[in-house]
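Below: one structure, written as structure tokens.
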Number of protein chains: 2
Amino acid sequence: MRKNFGVKSWLYPQPVLIVGTYDAEGNPDAMNAAWGGQYSPNQVVLALGKHKSTENIRQKGAFTVSFATASQVVASDYVGIVSANDEPDKMKKSGFTTTKSEFVDAPLINELPLALECKLVKFNEDGKVIGEIVNVCADESILDEAGNIDAAKLDAIIFDPANATYLKLGEKVGNAFQDGAKLK
Amino acid sequence: MRKNFGVKSWLYPQPVLIVGTYDAEGNPDAMNAAWGGQYSPNQVVLALGKHKSTENIRQKGAFTVSFATASQVVASDYVGIVSANDEPDKMKKSGFTTTKSEFVDAPLINELPLALECKLVKFNEDGKVIGEIVNVCADESILDEAGNIDAAKLDAIIFDPANATYLKLGEKVGNAFQDGAKLK
């Protein structure tokens, strides 16, 4: 038997995207956005609503997308519930520090080891941010011996929308494009 | 030190969305789509490209989005690598069985316990599917004693885009909108 819940925002699970931007004066900001995804092979979509970060993206034409991690869950949550419009010391209070991206006019969060560096393509017809990924950078601490991303070292978290909790990534259960071939 | 990887589709992690549709003759189909997300409180975006499912959505104006689970990883991967255009017995081979949604003209996958039931709003200016969530339904087997979604029972999987692997959800590490309040 299935239970009907009505209209819920329960796409499951959701990433925990930390969007990095500079304001007009060059001050870094970060916000937590769960509503977004891959939009094409080299583009992302972010559904941000009205935020200081949204205005920053409009002004600078650039942003970074880092992925919240288990060790940074408090800071990552904080930047989602406090606006830099209300708290001028938001970044300092979060504990996040930043370094300017080599590729776009936006800050990388030093404490978050994987990030997409994006140029604004446009705000689309629905007001969503469409960004072009011009580079992906990763801290060496999360790479395996072959130099690839090690998901366990990254330790990214995910948002459980039905319970408003953050969960860790778990163990590997399969290989994409291989497991399904068994049924061919 | 950070390593630059260039342009990669590494939004991290990604959901494993199983899109359920009926074709013009009412035959059910399912496909695996990692590129999508929440688009507004009651809307989802799917970046599907040209697929039989995309055409089905256009014709029927409806689809479901279920979430792949650890126990269904092989079937969930299979429906992403085989097209019903090439394999008429795709659904039978996958092992997935279906029941028509009460709310939209699209099939629910019986083996996947959580699903969004969506009406097509439009294909947007970039050709992406925008759907309105008209109901969310869950099998009683994944509910906790209070009747809410239990993430551990759901056992949804996620896609690790850098390694093309599927991972389980892990343990809870925090509470959204609460943990960050500690830094206020």
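No experiment lies behind these values; they were computed from the predicted model shown. Protein chains get the first letters and strands the later ones, always in sequence-line order, with residue 1 at the start of each.
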Side chain, backbone, both or neither of B:Leu114 within contact of chain A (heavy atoms, under 4.5 Å)
both
Between B:Lys93, B:Glu171, B:Glu117, who has the most heavy-atom pairs with chain A when the cutoff is under 4.5 Å?
B:Glu171
Proximal component of B:Val82, with respect to chain A [non-hydrogen, under 4.5 Å]
side chain
For the interface with chain A, which of B:Val136, B:Ile81, B:Asp89, B:Ile142 has the highest count of heavy-atom pairs at distances below 4.5 Å?
B:Val136
Region of A:Ala151 that comes under 4.5 Å of a non-hydrogen atom in chain B
both
Based on non-hydrogen pairs under 4.5 Å, which of B:Asp179, B:Val44, B:Asn135 is most in contact with chain A?
B:Asn135
Side chain, backbone, both or neither: which part of B:Ile157 has a heavy atom under 4.5 Å from chain A?
both
Under 4.5 Å from a heavy atom of chain A, the part of B:Gln178 involved:
backbone
Min side-chain heavy-atom separation A:Leu11-B:Pro15 under 4.5 Å:
yes
Considering non-hydrogen atoms only, spot the tightest contact between A:Pro13 and B:Leu169 and give its length.
CG-CD2, 3.8 Å
If one checks every heavy atom of B:Pro113 against chain A at 4.5 Å, the contacting part turns out to be backbone
Closest-packed option against chain A by number of heavy-atom pairs under 4.5 Å, given B:Leu116, B:Ile158, B:Asn124, B:Asp160:
B:Asn124
Hey, are B:Lys122 and A:Asp126 close enough for a salt bridge, meaning a charged N less than 4.0 Å from a carboxylate O?
yes
Of all the residues in residues 45-67 of chain A, which have a heavy atom that comes within less than 4.5 Å of a heavy atom in chain B?
A:Val45, A:Ala47, A:Phe67
Side chain from CB out, backbone as N, CA, C, O: work out which of these in A:Asp155 comes under 4.5 Å of a heavy atom of chain B, or both, or neither.
neither
Using a heavy-atom distance cut-off of less than 4.5 Å, which residues of residues 32-39 of chain B contact chain A?
B:Trp35, B:Gly36, B:Gly37, B:Gln38, B:Tyr39
Please classify the contact of A:Lys184 with chain B as side chain, backbone, both or neither, using a heavy-atom distance under 4.5 Å.
both
